[in-house]
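Note that the structure is a prediction, hence the values are computed from the model and not measured. In listed order, ligands and their atoms are each counted from 1.
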Amino acid sequence: MKKFILFSLLLTLVFCDGKDKDVPTCEDCEHLKNRKISLEGVYGKFESRQQRAQHNWPFKPFGKACPVGHISHSFQYYSGEPYFHHGIDIRMPANTAIYSSTGGKVVNIENYKLGNDLYWEVAIIDEQGFLWQYHHVDRDSIPQSIFDAYKTKAAIPSGTFIGEVVYWPVKAYGKNFHHIHVNVLDGDGNYMNPLLFLLPLEDSTAPVIENIYFVKDEGTSAISPRSLSGNIDIIVKAEDKMDNEPYQLTIYKTEYEVVSADKKYKLPKTKLWQFDRLPGGGDINKDVHTVYKKSFYASGQYLYTSGNYYSRNFYIVVTNQNAGKVSGNGFWNTTKLPNGKYTVTVHATDFNGNTTSKSIDVEIKN
Ligand SMILES: [Zn+2]
């Protein structure tokens with residue numbers, strides 16, 4: 001009997017080592033980097049926020065936005081390489097019916113992480129040529145009509161039932177994280193911000209800026225704001241939440257500006273990046289730690305960016321841009337201003353335009 005128990009225990013250990021078929025090792029996941037995504041027939045080009053198409057969210061009742069657990073620029077690090085989330089997680093109970101936001105052609109039905117039923121995709125190219133990937137669709141719920149549309153290349157109208165939300169076994173914020181992950185790609189393979197294509201969010205909650213830190217350019221120790229010299233990186237601890245939702249999200253647009261105490265000298269508002277698409281285009285890993293500081297030392301402890309099921313902390317290097325692009329070569333060159341007292345102001349803006357600003361008095365001593 002004892003031998004049998006030992007044997008059972010051994011079996012359990014062997015088969016529950018994290019590779020078990022229904023255990024998510026990541027959310028959408030970083031292995032997508034190595035996944036070949038066909039852009040055949042994808043030609044969408046995003047013009048402007050003003051002219052954007054506003055499709056229904058893929059759940060009933062139509063005509064309103066749904067809860068969002070992650071946005072496209074969320075920092076994600078489970079294991080392996082950190083990455084930008086690159087799509088949105090729409091939170092809905094397991095087995096909720098999913099309806100295509102757009103009309104278009106079904107171009108893929110795939111178990112993109114072979115052997116794990118959490119990772120089924122239904123992909124549709126919409127009438128404007130954008131590729132919509134719906135992930136975490138319950139395989140058994142995908143109707144035959146969608147398989148048929150995939151086979152015959154027939155178009156489906158918007159609002160077509162494409163399957164149900166799969167049961168997600170891992171908890172976040174005390175609840176199972178049932179969701180679908182939606183990516184929208186344009187004709188160049190850029191991961192676009194899906195919020196640009198959906199009915200507006202109901203969100204009037206502004207981001208929160210917790211703290212502002214200064215380090216030497218690409219440095220790893222905070223320095224006193226009362227003695228800044230040379231090239232400086234400004235790090236902002238910030239997060240955003242949507243109305244009545246617990247999920248800590250990252251910032252759509254982060255900017256900084258500098259003005260002298262006597263208002264004579266000024267560094268105009270400089271934007272790190274506006275997340276209408278990923279800075280790396282189709283590369284979800286590129287510039288993750290240019291935007292989000294990996295780690296640094298401040299007030300007696302190491303602070304680091306995190307983004308997983310248990311912890312979300314975002315330290316944004318607002319100075320890491322150069323010539324309009326996210327760049328590790330970006331910094332604030334304090335030698336371009338005379339020595340003296342200044343105020344640094346940081347602005348954090350969410351997708352709906354809710355903005356928070358925080359200022360800190362500094363001194364340049366070159
Ligand atoms: Zn996701």
Side-chain angles (χ1 to χ4, degrees), residues 22-35 37 57-59 65-94 96 98 101 108 110-113 116-124 130-139 162-173 175-185 190-198 201 239-242 245-250 252 275 277-278 280 282-285 288 291-292 305-312 314 351:
D22 285 335
V23 175
T25 50
C26 51
E27 192 276 322
D28 197 53
C29 314
E30 72 273 18
H31 69 269
L32 276 175
K33 192 185 179 188
N34 301 319
R35 185 180 167 219
I37 293 169
W57 289 62
F59 294 97
C66 301
V68 174
H70 273 302
I71 44 179
S72 58
H73 38 294
S74 287
F75 174 84
Q76 302 272 274
Y77 179 51
Y78 297 91
S79 62
E81 260 186 280
Y83 60 100
F84 288 108
H85 182 245
H86 60 280
I88 53 171
D89 283 352
I90 307 174
R91 289 273 292 111
M92 279 290 164
T96 307
I98 309 160
S101 285
N108 198 30
E110 184 189 351
N111 184 201
Y112 61 91
K113 189 170 182 182
N116 190 322
D117 285 342
L118 297 174
Y119 302 97
W120 275 89
E121 168 183 288
V122 175
I124 292 162
F130 292 97
L131 177 65
W132 293 63
Q133 297 174 327
Y134 299 86
H135 289 175
H136 317 318
V137 182
D138 186 333
R139 160 68 180 81
I162 58 171
E164 294 174 359
V165 178
V166 79
Y167 182 92
W168 201 259
V170 178
K171 284 187 160 74
Y173 299 87
K175 282 184 189 155
N176 278 79
F177 200 70
H178 307 306
H179 68 287
I180 60 164
H181 173 119
V182 178
N183 294 325
V184 179
L185 288 102
N190 288 305
Y191 282 102
M192 302 301 295
N193 186 339
L195 297 177
L196 291 166
F197 301 86
L198 293 164
L201 294 163
E239 66 179 33
D240 184 41
K241 284 180 183 167
M242 292 185 188
E245 297 296 335
Y247 307 104
Q248 299 157 273
L249 306 170
T250 49
Y252 175 64
F275 280 94
R277 64 178 180 84
L278 292 191
D283 185 340
I284 65 173
N285 304 101
V288 172
V291 170
Y292 300 110
T305 295
S306 63
N308 53 46
Y309 288 113
Y310 317 104
S311 147
R312 298 185 187 185
F314 314 120
F351 188 80

Worksheet item: What angle sits at the Zn ion (ligand 1) between ND1 of His181 and NE2 of His85, to 10°?
Response: 100°
Discussion item. Please evaluate residues His85 and His181 with respect to the criterion side-chain hydrogen bond (donor to acceptor under 3.5 Å, both in side chains), reporting the C-alpha separation (whole Å), side-chain torsions for both, the decisive distance (0.1 Å), and the verdict.
Written reply: CA-CA 9 Å; His85 182 245; His181 173 119; 3.1 Å; yes
Discussion item. Is the distance from the ring center of Phe197 to that of Phe130 below 6.0 Å?
Written reply: yes
Worksheet item: Where is the tightest heavy-atom contact between Ala94 and Tyr167, given as atom of each residue plus distance?
Response: CB-CA, 3.8 Å
Discussion item. I'd like to check the side-chain hydrogen bond (donor to acceptor under 3.5 Å, both in side chains) partners of Tyr77; sequence neighbours left out, ordered by chain and number.
Written reply: none
Worksheet item: Can an N, O or S atom be found in His179 less than 2.8 Å away from the Zn ion (ligand 1)?
Response: no
Discussion item. Between His136 and the Zn ion (ligand 1), is there a contact where an N/O/S atom of the residue lies under 2.8 Å from the metal?
Written reply: no
Worksheet, complete the sentence: Here the N/O/S atom of Asp89 closest to the Zn ion (ligand 1) would be OD1
